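Each chain gets a letter, A, B and so on, in the order the sequences are listed, and its residues count up from 1. Quick note: numbers below take in every heavy atom, side chains included, and nothing from hydrogens, waters or symmetry partners. Model, not experiment: these values are computed from the prediction.
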Amino acid sequence: MPADAISRAVSPLQAKPVLEVVGVAKSYGHIRALEGVTLDIHAGEVVGLVGDNGAGKSTLVNIIAGAIRPSAGTLRIEGREVAFASALDARTAGIEAVYQDLALALDLDIWANIFLGRETLRPGLLGRLGWLDKRAMQRRAAEELGRTAIRVGSIRTRCRALSGGQRQAVAVARGLIWGSRLLLLDEPTAALGVEQQAKVGKLIEAVRARGIPVILVSHNMPQVHDLCDRIVVLFQGRKIADRPASDMTIADIIACITGAGITGTREMHA
Amino acid sequence: MSDAPTPSREAAMPAPAARRVSRAASLEFLSRAGELWTLAILIVLIAIFGILSPDFFSRASWLATSQFAVEYLLLGLGETFVIVTGGIDLSVGAILGFSGMVGAMVMRAMIYRHVATDLDLIAGIASALTAGTFVGWLNGQAITRLRLTPFVVTLGMLSMCTGGIYLLNNGGNVGTIPDIVGTLGSFAIGGWLPVTVLVTAVFAVLSALLLAETRFGLRTYAIGSNPQGAARAGIDVRKHLVKIYMLSGFLAAVAGLMVMARFASASVQAGANDELDAITAVVIGGTSLFGGRGTVLGTVIGSFVITVMVTGLILIGVQPFWQQVAVGAILIFAVAMDQLRDRLLDAF
Ligand SMILES: Nc1ncnc2c1ncn2[C@@H]1O[C@H](COP(=O)(O)OP(=O)(O)O)[C@@H](O)[C@H]1O
Ligand SMILES: [Mg+2]
């Protein structure tokens with residue numbers, strides 16, 4: 001795995017896109033949340049996914065994460081078509097998402113939330129009976145959280161006792177720990193203070209350095225502009241812009257989001 | 001500040017964050033203290049009854065109380081798992097009666113046909129356990145496939161199984177079962193440990209380990225805490241819930257066998273209204289009706305609060321019906337504490 005990640009980091013352009021989204025659509029009854037969205041994500045790339053409320057950002061993130069199924073269109077991972085039946089399939093493929101509504105089990109401790117769904121079991125017979133290796137999970141969670149520089153206090157604290165920002169930090173840390181192929185962050189900094197937002201920014205940089213691409217949904221335009229290599233704008237369920245961040249000013253991005261900039265949009269990737 | 005759990009981590013944090021965490025630690029204690037209230041109530045009850053009636057600490061009193069507790073505790077064990085997932089199982093009392101009746105009728109049929117005696121016992125036990133587990137499976141399927149609330153499904157199942165008990169044997173009790181059943185049911189090891197209590201204790205320990213130490217238990221809490229989040233973490237919530245209701249049905253069948261053993265017969269009345277006491281025992285024991293929180297130890301203590309009160313009141317010469325009044329009051333108190341706790345944690 002590490003060798004794989006390094007080779008992807010070293011030669012991002014030679015490889016196939018890590019993820020290809022082809023003509024994806026999603027309807028809820030007569031509401032069209034997404035229509036014909038096509039998108040490539042390459043190794044080591046941070047892509048900002050922006051749009052007004054209801055533009056379809058979370059729907060797209062959920063589809064890529066396997067949490068909801070598209071009404072039409074396909075996903076390809078490293079050139080191979082995949083059909084995720086559940087979030088588990090996507091996680092198995094190395095795609096990890098931090099959801100807008102966090103998806104933490106508030107009654108569980110921090111370490112349990114980080115390991116939920118991929119628990120470490122004791123070796124031997126006990127393990128086959130489903131016996132948890134709590135110590136190993138607590139140790140590893142503390143190590144990994146230490147590496148991410150996210151401070152949340154004791155690893156044995158229940159998430160209900162954490163502040164909003166700390167809960168978000170746990171969710172982000174979980175994504176960072178497990179995302180080995182693609183990390184999806186749906187408004188990860190919405191509940192964070194300025195200092196913690198900056199930390200999440202640093203973490204995203206670190207993930208990129210490992211060659212793992214990131215899709216970042218955020219309303220914080222300066223952050224998106226600074227952090228992202230490429231910016232994709234959704235407007236009423238359609239992709240209306242997909243351009244290198246260096247090509248756009250913050251004012252351009254905002255114009256696209258509000259729909260005012262549609263005429264001036266050059267489609268680079270679609 | 002003295003209750004901060006890990007000083008080294010706290011030290012690395014700026015002062016306001018450290019304060020926040022140590023407040024979290026004290027709320028933490030509050031949120032884990034569910035069983036402590038109940039244990040305090042139990043100890044006070046035992047002390048009061050012990051002072052008012054010297055007979056309370058007699059062997060006869062212990063045997064009566066513990067054998068009485070068996071029924072609520074076994075039902076309460078399954079109910080603990082169900083309530084931790086955020087559900088409810090109203091059918092446990094009816095499953096108790098139904099599976100006991102199925103088991104007794106299988107035994108009786110084999111006795112009439114002069115089948116070897118060991119076999120009729122084993123076949124009776126197996127069919128009772130199968131019947132209970134199957135009804136639990138039906139509950140789980142109806143809840144997860146038809147997307148009905150557990151309340152509605154298990155209320156319907158309560159009615160269906162109650163009807164089934166009467167239909168099976170035309171409303172009659174079944175007393176023709178192997179003698180060994182009644183013998184075991186009234187036997188106490190060393191004079192102090194009834195076999196039914198031993199069996200129940202084994203299931204209680206197994207349940208406690210299952211809930212607290214295994215992946216199955218962790219996922220049970222996760223589903224009760226945030227079902228959507230659990231699904232996103234890759235847990236098959238549907239399958240897990242079906243297993244939970246099967247476990248509840250299985251334990252209700254074990255309770256059915258214990259009750260059959262104690263009375264050396266299967267009664268059409270067995271288990272009637274037991275679900276209310278079982279749920280009460282679980283909730284008194286600190287398990288949250290909102291799901292996500294609870295322990296087997298709490299349920300054990302809760303069951304004893306309910307049963308100690310019955311024997312205690314009889315021994316001190318008070319009408320035992322006061323037990324129901326007192327249990328109801330304790331139940332309301334327990335839920336009020338639970339909600340207060342949640343509000344304190346969320347306000348923070
Ligand atoms: N489960 C759902 N049922 C019906 N409509 C939905 C559902 N989820 C999202 N939508 C609709 O789809 C559109 C896109 O939503 P969403 O992806 O959450 O937008 P964003 O994250 O960009 O704010 C909105 O109009 C929203 O109301
Ligand atoms: Mg959204």
| message | If you count heavy atoms of other groups shown closer than 6.0 angstrom to CZ of B:R238, is the number above 12? | response |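 Enclosed.
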| field | Within 6.0 Å of CZ in A:R118, more than 12 heavy atoms from elsewhere | value |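 More than 12 within 6.0 Å, yes.
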Which heavy-atom pair separates [X] from [Y] by the least distance, and what is that distance?
{"X": "A:L104", "Y": "B:N226", "result": "O-ND2, 2.9 Å"}
{"X": "A:A105", "Y": "B:S225", "result": "C-OG, 3.4 Å"}
{"X": "A:R160", "Y": "B:R293", "result": "NE-NH1, 4.1 Å"}
{"X": "A:L108", "Y": "B:A222", "result": "CD1-CB, 3.8 Å"}
{"X": "A:R91", "Y": "B:R232", "result": "CD-O, 3.8 Å"}

| message | Which one wins on heavy-atom pair count under 4.5 Å against chain A: B:A233, B:A231, B:G234? | response |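 Winner by heavy-atom pair count: B:A233.
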| query | chain B: which of A:L121, A:D107, A:D133, A:D89 shares the most heavy-atom pairs with it under 4.5 Å? | reply |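 Maximum pair count with chain B is reached by A:D107.
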Using heavy-atom distances under 4.5 Å, tell me whether [X] contacts chain A through its side chain, its backbone, both, or neither.
{"X": "B:L209", "answer": "side chain"}
{"X": "B:E213", "answer": "both"}
{"X": "B:L218", "answer": "both"}

